[in-house]
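First listed ligand is number 1; within each ligand, the first listed atom is number 1. All residue numbers refer to positions in the sequence shown, counting from 1.
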Amino acid sequence: MSGIDAKRVRTRHFYEAKANGTKISALTSYDTLTAGIFDEAGIDMLLVGDSAANVVLGQKSTLSITLDEMITLAKAVTIAAKRALVVVDLPFGSYEASEKQAVLSASRVMKETDASAVKIEGGVGIAPTIRRIVDAGIPVCAHIGFTPQAEHQLGGAVVQGRGDSAKQLIDDALAVQEAGAFAVVLEMVPADVATEVTKKLDIVTIGIGAGNGTDGQVLVWQDAMGLNRGRKPRFVREYASIGDTLLEAARSYADEVSSGTFPGEAESF
Ligand code: KIV
């Protein structure tokens with residue numbers, strides 16, 4: 001198995017991976033069956049992302065998903081994840097009002113889901129909140145660059161950290177590290193800037209649309225495995241065509257039901 005060499009992946013293994021140059025693999029997961037498969041495949045980190053709002057609940061943005069919904073999905077994932085580190089997104093509206101609100105939301109995730117960490121979007125501005133959650137004993141993965149919860153403020157899904165704004169991105173990365181985050185997701189960042197951030201940090205960087213110079217990679221599983229048959233971001237590579245396979249299989253099932261060939265004797269009592 002490639003990736004982190006551990007029976008159960010812990011945040012401390014992320015620091016070891018950085019020191020050894022071991023690349024970390026991460027996928028999103030929102031249900032028990034995919035979590036079990038990705039865990040068995042050796043994916044190091046399963047992210048119960050608020051992208052569930054898009055790929056599970058069919059919403060245009062991630063803004064509508066609630067903490068209760070995230071907790072329900074996260075429970076399903078932790079049941080199946082025997083090895084992978086499970087990280088759960090704090091959704092929009094569950095941490096911005098105050099540091100107290102953030103600690104209470106993160107505590108609910110840890111108490112009710114059996115996950116190992118939370119993820120929170122934002123850089124310099126959210127660093128004090130990260131510090132409070134970490135001080136409460138809860139590991140935090142930060143998320144900078146394009147942060148989907150701020151898509152209306154950022155003007156859509158656009159690359160962040162280009163040109164002069166690279167300095168802001170580096171400041172954000174250093175701030176979340178200083179605040180105690182054990183890892184940081186870099187989303188839609190120029191590859192050279194992501195590589196520079198990765199070299200500057202002692203914590204792991206996990207890229208999505210951030211080139212090959214980060215310490216790890218994450219993708220939304222429905223994009224990576226081709227369940228999503230719609231438009232996909234340029235940074236996605238498809239490792240399977242599950243959507244096409246499912247379509248063909250569902251058509252066969254419908255045909256066999258209509259023709260009366262399913263169920264047969266073998267499927268009957
Ligand atoms: O919610 C999510 O899936 C994410 C990834 C895109 C990193 O935050």
Side-chain angles (χ1 to χ4, degrees), residues 14 24-31 34-35 38 43-67 69-74 76-77 81 84-95 105-106 109 113 115 117-123 126 130 139-151 154 156-161 169 172-173 176 181-189 194 197-198 203-211 214-225 227-228 230-238:
F14 277 42
I24 292 167
S25 59
L27 279 175
T28 63
S29 183
Y30 321 93
D31 71 280
T34 62
F38 300 155
I43 302 298
D44 298 311
M45 172 176 137
L46 297 182
L47 173 64
V48 186
D50 59 358
S51 51
N54 311 121
V55 293
V56 177
L57 302 176
Q59 302 301 300
K60 283 201 178 68
S61 82
T62 60
L63 301 187
S64 61
I65 199 159
T66 65
L67 185 59
E69 287 168 333
M70 291 299 299
I71 286 173
T72 300
L73 299 173
V77 170
L85 185 90
V86 178
V87 179
V88 182
D89 256 334
L90 289 188
F92 180 69
S94 72
Y95 62 89
S105 296
V109 168
T113 76
V118 297
K119 179 164 82 57
I120 188 165
E121 293 186 7
I126 208 70
I130 293 179
V140 175
C141 175
H143 182 162
I144 63 173
F146 174 61
T147 46
Q149 292 174 15
E151 68 160 271
L154 297 173
V158 280
V159 173
Q160 303 292 310
L169 193 92
D172 285 337
V176 298
F182 73 93
V184 56
V185 169
L186 305 180
E187 180 162 357
M188 291 183 70
V189 170
V197 168
T198 301
I203 61 171
V204 155
T205 59
I206 300 177
I208 173 162
T214 54
D215 299 307
Q217 298 290 332
V218 62
L219 284 174
V220 171
W221 87 257
Q222 288 89 342
D223 293 340
M225 305 307 162
L227 180 62
N228 174 7
R231 229 176 116 243
K232 278 167 284 285
R234 166 175 157 191
F235 55 76
V236 170
R237 185 179 291 175
E238 268 193 22

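Interface atoms of ligand 1 facing E187, defined by a heavy-atom separation under 4.0 Å, are 6 (C). Near S51, with a cut-off below 4.0 Å to any heavy atom, the atoms of ligand 1 are 1 (O), 2 (C), 3 (O). Atoms of ligand 1 found under 4.0 Å from any heavy atom of G49 (numbered from 1 in listed order, with element): 1 (O), 2 (C), 3 (O). Per-residue contacts place T28 under 4.0 angstrom from the following atoms of ligand 1 (heavy atoms of the residue considered): 3 (O).
When hydrogens are left out, the protein atom nearest atom 6 (C) of ligand 1 is I208 CD1, 3.6 Å; that is the closest non-hydrogen contact. Atom 5 (C) of ligand 1 has its closest protein heavy atom at L47 CD2, 3.7 Å.
Among the atoms of D50, some N or O lies under 3.5 angstrom from an N or O of ligand 1. At least one N or O atom of K119, backbone or side chain, sits closer than 3.5 Å to an N or O atom of ligand 1.
Judged by distance alone, with hydrogens and angles left aside, the side-chain atoms of T113 form a donor-acceptor pair with the main-chain N or O of A115 at under 3.5 Å. At least one donor-acceptor pair closer than 3.5 Å links the side chain of D44 to the backbone N or O of S25. Panel note: side chain T205, backbone D215; a donor-acceptor pair is recorded below 3.5 Å. Checking side-chain atoms of T28 against main-chain N and O of W221 turns up a donor-acceptor pair under 3.5 Å. In terms of modelled atom types and a separation under 3.5 Å, the side chain of Q59 and the main chain of S51 share no donor-acceptor contact.
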(message) Run the side chain to side chain donor-acceptor pair (under 3.5 Å) test on T198 and T214 for me, step by step, so that the C-alpha distance in whole Å, both residues' side-chain angles and the decisive distance to 0.1 Å come before the verdict.
(response) CA-CA 6 Å; T198 301; T214 54; 5.5 Å; no
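Salt-bridge check for D89 with K119: passed, with a basic side-chain N closer than 4.0 Å to an acidic carboxylate O.
Contacts of D89 with ligand 1, taken as heavy-atom pairs under 4.0 Å, involve the side chain alone.
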